[in-house]
Amino acid sequence: MSRKVLMKGNEAVAEAAIRAGCKLFFGYPITPQTDLSEYMAKQMPNRGGLSLQAESEIAAINMVLGASASGARVMTSSSSPGISLKGEGISYIVGSDLPCVIVNVQRGGPGLGGIQPAQSDYFQATKALGHGDMHLIVLAPANIQEMAILTGEAFDLADIYRTPVMILADGALGQMMEPVDFAAKPVRVLPEKTWVCNGHQNKRPMNIVNSLYIQPEELEQKNIERFERYKKIEETEVKYEEYLTDDAEIVVVAYGITARIARTAVNLARAEGIKAGLHRPITLYPFPKKRLNKLADKVDIFLSVELNMGQMIDDIKLAIECKKPVKHFGRTGGVMPVPEEILDNIRRLAK
Amino acid sequence: MSNFLFAGFGGQGILFSGKLLAKVGLELDKQVSWLPSYGPEMRGGTANCSVIVNDEPIGSPLVTKPDVLLVLNLPSFEKFEHTVIKNGIMIVDSSLVEKKTVRTDIKAYYIPASMLASDNDLAGLANIIMFGQMLKAIKLFDYSLVEAVLVHSTPKSKPQLAELNKKALSLGYNYQA
């Protein structure tokens with residue numbers, strides 16, 4: 001039988017995390033993410049780890065903080081309303097410069113919303129996962145193989161930059177199955193965790209993990225130092241994929257599940273003689289600003305496609321400094337567009 | 001012929017049949033995707049799953065216009081009958097769906113799968129009987145490969161179930177609809 005295994009996106013993230021050395025998982029069930037917690041609960045005890053269902057999302061994220069402070073590779077996962085609950089803890093983790101991986105298998109919102117796929121947490125993920133001057137690295141996989149690879153990558157990025165990393169998926173990617181090959185993970189050089197609070201019997205100076213700084217100058221310095229790391233992330237960690245953009249007059253920008261549907265629409269448009277292409281950001285933070293800005297010099301118009309009312313469109317406009325028009329097309333509330341709907345929009349704009 | 005939709009009640013093995021097809025595609029080194037309905041319909045209403053087996057990278061995993069539709073209950077028949085593409089194929093469990101399609105532009109196969117299952121001591125395997133009938137209708141996959149994948153997909157702890165699955169597959173394949 002094939003070396004590849006057929007797996008749900010949720011399960012692939014869980015398996016990839018265990019393979020990346022994740023020893024602790026703290027979660028709380030919520031559709032459409034629950035298969036991830038379930039997989040962890042089943043696998044972790046047999047593979048030298050621990051999976052714990054906390055009493056709430058808030059408890060889970062604070063357990064992540066504690067585990068990370070002690071140096072463990074740790075992960076939590078949830079879906080949109082649950083991620084909102086984690087907001088305070090995420091900000092504390094950023095403020096404490098702790099690495100961890102947070103998975104959001106998005107569903108429709110606001111409020112309890114629905115349980116079908118959505119991308120309406122884009123603003124939250126890229127701008128405001130918590131209070132304070134902060135970012136998370138946000139990765140947007142578009143297929144199950146990438147769910148696995150980017151999960152491994154997320155743990156490495158978190159350790160290298162001492163920051164939480166978010167896997168921003170959606171209900172469709174969480175629930176669907178595709179073949180996965182776990183052998184494909186790239187390896188990176190990781191810094192030693194000299195800052196951990198793991199007990200040392202007075203053999204080294206004391207480490208303190210903390211996000212409270214009463215002296216404004218001290219806090220300012222902390223934030224400046226963190227933003228220097230963000231600058232490095234923006235310079236070196238941008239990832240994107242392009243399809244038929246070389247001669248494109250109209251470029252569709254889409255990430256995650258939507259990018260796949262958009263790719264089909266681009267093929268349909270090409271068959272009609274429309275010079276369409278696709279730019280797919282893989283990192284939503286850092287956003288592929290430079291590349292989009294360069295594309296704007298030769299492209300006539302951009303079409304941002306998302307499962308929301310129009311969020312990434314703002315980042316595209318900023319990236320290209322409004323050199324060219326940017327339009328939005330989206331379905332929301334848990335509805336996924338068919339390729340023909342995107343094609344209609346491409347046709348209209350190509351005229 | 002790459003887009004498949006399996007539809008019926010929760011508990012009829014709809015998702016398992018879909019997975020079986022996806023695994024066959026995987027063995028053939030095709031691009032495959034499997035997407036279940038995971039809404040409230042899973043809890044007693046209509047459950048369905050989209051399966052795509054293709055040579056090209058798969059865009060949307062959601063099948064809205066199936067080439068092949070497998071139907072195991074009346075609500076699904078009424079919901080999806082009109083979505084099958086022209087010249088597509090529909091396989092119907094006629095022991096659960098008494099209706100016949102009004103469409104003349106598709107090929108419909110009626111097989112009393114649930115009745116065949118209970119008459120042959122194959123309780124709960126109407127889905128595999130349906131799969132067998134589909135296999136013959138679509139003429140895309142090698143029978144022995146599907147049988148091997150089916151056996152491989154059966155829990156090792158239940159060797160007798162593997163034999164029953166094989167029997168159900170053969171029964172469905174050889175039934176003259």
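Quick note on labels: first sequence line is chain A, next is B, and so on, each numbered from 1. From a predicted model like this one, the values you see are computed outputs, not experimental measurements.
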- Message: Only heavy atoms, only distances under 4.5 angstrom. Which residues in residues 164-177 of chain B are near chain A?
- Response: none

- Provide the closest heavy-atom pair for B/Leu26 versus B/Val32 in the form atom of the first, atom of the second, distance. N-CG1, 3.8 Å

- Without hydrogens or angle criteria, can the side chains of A/Gln311 and A/Asp121 be said to hold a donor-acceptor pair below 3.5 Å? no

- Query: If contact means a heavy atom pair closer than 4.5 Å, which residues of residues 51-67 of chain B contact chain A?
  - Reply: B/Pro57, B/Ile58, B/Gly59, B/Ser60, B/Pro61, B/Leu62, B/Thr64, B/Lys65

- Message: I'd like to know if B/Glu81 pairs up with B/Lys99 as an ion pair, taking the criterion as any Lys NZ or Arg NE/NH1/NH2 lying under 4.0 Å from an Asp or Glu carboxylate oxygen.
- Response: no

- Considering all heavy atoms of both residues, which atom of A/Thr283 and which atom of A/Pro288 are nearest to each other, and what is their separation? O-CD, 3.6 Å

- Note, A/Met177 side chain near A/Ile144 side chain (heavy atom, < 4.5 Å): no

- Looking only at heavy atoms, what is the nearest atom pair of A/Ala183 and A/Arg3, with distance? CB-NH1, 3.8 Å

- Query: Does anything in residues 250-264 of chain A get under 4.5 Å of chain B by heavy atoms, and if so which residues?
  - Reply: A/Ile257, A/Arg260, A/Ile261, A/Arg263, A/Thr264

- Query: With a 4.5 Å heavy-atom cut-off, do A/Tyr243 and A/Arg280 have their side chains touching?
  - Reply: no

- Message: For residues 111-125 of chain B, which residue pairs pass the side-chain hydrogen bond (donor to acceptor under 3.5 Å, both in side chains) check, not counting sequence neighbours?
- Response: B/Asp93-B/Ser114

- Message: Could you report the tightest heavy-atom contact between A/Met75 and A/Met40, atom names first, then the distance?
- Response: CE-CE, 3.6 Å

- Task: Identify the heavy atoms of B/Leu20 and B/Ile128 that sit nearest to each other, and give their distance.
- Result: CD2-CD1, 4.4 Å

- Message: side chain to side chain contact (heavy atoms under 4.5 Å, CB included) for B/Met134 and B/Phe6? Distances and angles first, verdict last.
- Response: CA-CA 11 Å; B/Met134 177 191 80; B/Phe6 297 72; 4.3 Å; yes

